[in-house]
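Just follow the structure's listing: the first ligand is 1, and inside any ligand the first atom is 1.
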Amino acid sequence: MKFFVDTAEIADIKDLAATGLLDGVTTNPSLIAKSGRDFMEVTKEICGIVDGPVSAEVVALDHATMMKEADVLRRIADNVCIKVPLTIDGLKTCKALTGDGTMVNVTLCFSANQALLAAKAGATFISPFIGRHDDNGFDGMDLIRDIRLIYDNYAFETQILAASIRHPVHVLESARIGADVATMPPAVIRGLFKHVLTDKGIEGFLADWARTGQTILK
Ligand code: G3P
């Protein structure tokens, strides 16, 4: 499973990239607004930190303007992945861009039929929003499960990018189902490393080691 971080905060991206476990970055207009940074500038900076795909989202709603925006965004760097909403115009844009060799992430997916359409449009990634699905009384994991089944039925190559992940159990369940990618807020990625018994174990080992009076580095 690939790990993407869902943020436009440079410090977090640098910190997580340094682990060697970060495969890409996703942003959206809300995350850009939260960063307080210029969209083009921050996207360029992120693209220089990670080698993998960096999703940058168009804000136009019509196909022609989406194409113009995508053209500006894809010139930022080779690893820019254009993010488009799951609408008819978004999928027309997806089809045109992927046909041209540009990576596309189709976002705001809330049904398996929408995911089927995105795959038919040649999407590189489909982003089903687990947390927001849960928030509205649906089971976000059922959505991931249905999409996995449908994509496997037809050998679609579109990668399932589990998004709107709120906690480590969303990651665990997505991995069990076989989502290709999980995009997570920095705190969720950091949370994956943690276990109380790991901390307790280290504490016990170090206390016993101190009693030996030995050092490894002389
Ligand atoms: O990047 C899209 C998605 O991950 C948003 O998550 O928590 O705002 O629903 P959230």
Pairs under 3.5 Å, nitrogen or oxygen of ligand 1 with protein nitrogen or oxygen:
{"unit_1": "ligand 1", "atom_1": "1 (O)", "unit_2": "Asp6", "atom_2": "OD1", "d": "2.9"}
{"unit_1": "ligand 1", "atom_1": "1 (O)", "unit_2": "Asp6", "atom_2": "OD2", "d": "3.1"}
{"unit_1": "ligand 1", "atom_1": "1 (O)", "unit_2": "Asn28", "atom_2": "ND2", "d": "3.2"}
{"unit_1": "ligand 1", "atom_1": "1 (O)", "unit_2": "Lys83", "atom_2": "NZ", "d": "3.4"}
{"unit_1": "ligand 1", "atom_1": "4 (O)", "unit_2": "Asp6", "atom_2": "OD2", "d": "2.6"}
{"unit_1": "ligand 1", "atom_1": "4 (O)", "unit_2": "Ser164", "atom_2": "N", "d": "2.9"}
{"unit_1": "ligand 1", "atom_1": "7 (O)", "unit_2": "Arg166", "atom_2": "NE", "d": "3.1"}
{"unit_1": "ligand 1", "atom_1": "8 (O)", "unit_2": "Arg132", "atom_2": "NH2", "d": "2.8"}
{"unit_1": "ligand 1", "atom_1": "9 (O)", "unit_2": "Arg132", "atom_2": "NE", "d": "2.6"}
{"unit_1": "ligand 1", "atom_1": "9 (O)", "unit_2": "Ser164", "atom_2": "OG", "d": "2.7"}
{"unit_1": "ligand 1", "atom_1": "9 (O)", "unit_2": "Arg166", "atom_2": "NH2", "d": "3.0"}

For Leu61, side chain to side chain contact (heavy atoms under 4.5 Å, CB included) partners two or more places apart: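 Partners of Leu61 by the side chain to side chain contact (heavy atoms under 4.5 Å, CB included) criterion come out as none, since no residue qualifies.
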Euclidean distance, Met67 CE relative to Thr93 OG1, rounded to 0.5 Å: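 Those atoms lie 6.5 Å apart.
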Rounded distance (nearest 0.5 Å) linking atom CD of Glu57 with atom CE of Met66: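 Those atoms lie 9.5 Å apart.
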Whether Phe4 and Phe125 hold their rings parallel, tilted or perpendicular, with breakpoints at 30° and 60°: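 Rings of Phe4 and Phe125: perpendicular, over 60°.
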Mutual orientation of the aromatic rings belonging to His170 and His167 [parallel < 30°, tilted 30-60°, perpendicular > 60°]: parallel
Thr26 and Thr183: CA distance, side-chain angles, deciding distance, side-chain hydrogen bond (donor to acceptor under 3.5 Å, both in side chains) verdict: CA-CA 7 Å; Thr26 49; Thr183 191; 2.5 Å; yes
